[in-house]
Amino acid sequence: DAMVIQNPRYQVTQFGKPVTLSCSQTLNHNVMYWYQQKSSQAPKLLFHYYDKDFNNEADTPDNFQSRRPNTSFCFLDIRSPGLGDAAMYLCATSRGLTVGEEQYFGPGTRLTVT
Amino acid sequence: QKEVEQDPGPLSVPEGAIVSLNCTYSNSAFQYFMWYRQYSRKGPELLMYTYSSGNKEDGRFTAQVDKSSKYISLFIRDSQPSDSATYLCAMTFGAAGNKLTFGGGTRVLVKP
C-alpha cells in the first residue's frame, strides 16, 4: 500500500536534455513538496504546492519547474539539466501547512546527468 | 555556517549498544524538532517529533531538546542491525509554516 510513489526510481539524462520526474500520492493530501538531496547532504526544498497554489523557494534556479495537474500528481521538470543537478529528488506530501505537520516522503528518483 | 549541523558519521556500533546522535543549530527561533530515518535508496520517514525543550520517549527511541544550548539528541537503546540507516534531524518554527530545515544526516551502522 504505497502512499507516495515516484517514477522512475532511476533516471539518466544527457546534459541539457529536458527531463520530467513524476510523483503521485494516494493520501489525498493538499500539499506536495519537491526536495533535492545531493550525496550526504541535507534535503533542500525546491518548491511546494498547496492545492493549486505554487510556492517557489527564493533560491530555486529557474531551470526547475513544477506542475500539479490534479490532487494526486505532481511533476518536476528540469529544462536544461547540468552536471550539478545530479541528485536524489524527493517528493513529499502533507495534509496541510500547519507547522510541524508530518511530511510523507516517496522513495526518491536518483537523477544522473551525463 | 549551516543552520543545522550534524556529524555525517559513519557511526558504527555493536548490536545492543546505545546509539547517540545529535544536531546543533544556530537559529534560536526553531521550536519544532524532528528526527527522520532514511534507509538506503528510500525516502525519509518520521521517527520522533518534539516541541520546544524536554524529552520524549517512544519505545527504544528517546529524543531530547536543549534550546538553551541549541542542541538536540536522539538515543536508540538496544540497537538492532535493522536500525542501520541515515538519521536526519529537521526543525522549523511557527512563521516558517511547514518548511523544514534539515541536517545533513548521520549514517549509522549496527553490527551483529
Side-chain angles (χ1 to χ4, degrees), chain A residues 2-11 21 23-25 27 29-50 53 55-60 87-112, chain B residues 1-11 23-27 29-52 56 58 63 65 72 85-109:
Chain A
M3 295 184 290
V4 182
I5 303 154
Q6 291 188 245
N7 286 305
R9 295 292 311 279
Y10 301 91
Q11 176 74 56
L21 309 182
C23 177
S24 64
Q25 54 132 339
L27 296 162
H29 282 171
N30 293 310
V31 189
M32 295 187 78
Y33 309 79
W34 280 104
Y35 289 86
Q36 178 192 64
Q37 186 180 24
K38 295 188 177 180
S39 182
S40 301
Q41 292 186 25
K44 178 179 177 297
L45 182 64
L46 295 174
F47 26 60
H48 74 271
Y49 273 96
Y50 184 91
D53 292 333
N55 295 271
N56 199 30
E57 292 300 303
D59 56 355
T60 298
M88 174 78 85
Y89 289 88
L90 295 164
C91 174
T93 74
S94 68
R95 195 177 297 115
L97 285 172
T98 303
V99 63
E101 191 139 13
E102 184 172 355
Q103 295 186 22
Y104 295 80
F105 285 82
T109 294
R110 183 167 295 283
L111 178 69
T112 300
Chain B
Q1 184 190 1
K2 296 177 186 175
E3 267 196 295
V4 181
E5 300 273 4
Q6 195 175 358
D7 188 326
L11 178 62
C23 286
T24 58
Y25 60 94
S26 56
N27 188 347
F30 286 132
Q31 299 170 292
Y32 299 83
F33 304 92
M34 296 131 209
W35 285 96
Y36 281 81
R37 177 175 62 196
Q38 186 173 22
Y39 289 116
S40 180
R41 291 185 289 278
K42 295 281 182 72
E45 56 177 333
L46 183 65
L47 262 184
M48 298 283 285
Y49 165 83
T50 52
Y51 170 69
S52 195
K56 184 174 183 179
D58 183 2
V65 175
I72 67 170
T86 295
Y87 291 80
L88 298 147
C89 63
M91 45 199 80
T92 188
F93 58 96
N98 209 19
K99 177 181 172 180
L100 299 177
T101 301
F102 281 90
T106 300
R107 193 159 71 90
V108 172
L109 179 61

- Item | Engaged part of A/Tyr33 at the chain B interface, taking heavy atoms whose separation is under 4.5 Å | side chain
- Given B/Gln6, B/Arg107, B/Lys99, B/Lys2, the one with more heavy-atom pairs under 4.5 angstrom with chain A than any other is B/Lys99
- Tightest non-hydrogen contact, residues B/Asn98 and A/Gly96, listed as ND2-O, 3.8 Å
- Query: Which pairs pass salt bridge (Lys or Arg N to Asp or Glu O under 4.0 Å) with one or both residues in residues 31-48 of chain B, sequence neighbours excluded?
  - Reply: B/Arg37-B/Glu45
- Option in A/Gln6, A/His48, A/Gln41 with maximal non-hydrogen atom pairs under 4.5 Å from chain B: A/Gln41
- Message: Suppose the criterion is salt bridge (Lys or Arg N to Asp or Glu O under 4.0 Å): which pairs have a residue in residues 29-40 of chain A, not counting sequence neighbours?
- Response: none
- Query: Quick one: what part of A/Tyr89 sits under 4.5 Å from any heavy atom of chain B, side chain, backbone, both or neither?
  - Reply: neither
- Message: Counting only non-hydrogen atoms closer than 4.5 Å, does A/Glu57 touch chain B with its backbone (N, CA, C, O), its side chain (CB onward), both, or neither?
- Response: side chain
- Message: Report which part of B/Gln38 has an atom under 4.5 Å of a heavy atom belonging to chain A: side chain, backbone, both, or neither.
- Response: side chain
- A/Arg110 versus chain B, the contacting section by heavy-atom distance below 4.5 Å: neither
- Task: Pick whichever of A/Gly108, A/Ser94, A/Gly106, A/Pro43 has the most heavy-atom pairs under 4.5 Å with chain B.
- Result: A/Pro43
- Note on the structure: Heaviest contributor of heavy-atom pairs below 4.5 Å to chain A, chosen from B/Tyr51, B/Tyr32, B/Phe33, is B/Tyr32
- Given the options B/Ala90, B/Gly103, B/Gly105, which has more heavy-atom pairs under 4.5 Å with chain A than any of the others? B/Gly103
- Does any heavy atom of chain A fall under 4.5 Å from the side chain of B/Phe93, the backbone, both, or neither of them? backbone
- Proximal component of B/Met34, with respect to chain A [non-hydrogen, under 4.5 Å]: side chain
- Message: Using 0.5 Å steps for rounding, measure from the OH atom of B/Tyr49 to the CD atom of A/Glu101.
- Response: 9.5 Å
- Message: If I measure from the heavy atoms of chain A, does B/Pro8 come under 4.5 Å with its side chain, its backbone, both, or neither?
- Response: neither
- Item | Min side-chain heavy-atom separation A/Lys44-B/Phe102 under 4.5 Å | no
- Query: Side chain, backbone, both or neither: which part of A/Leu90 has a non-hydrogen atom closer than 4.5 Å to chain B?
  - Reply: side chain
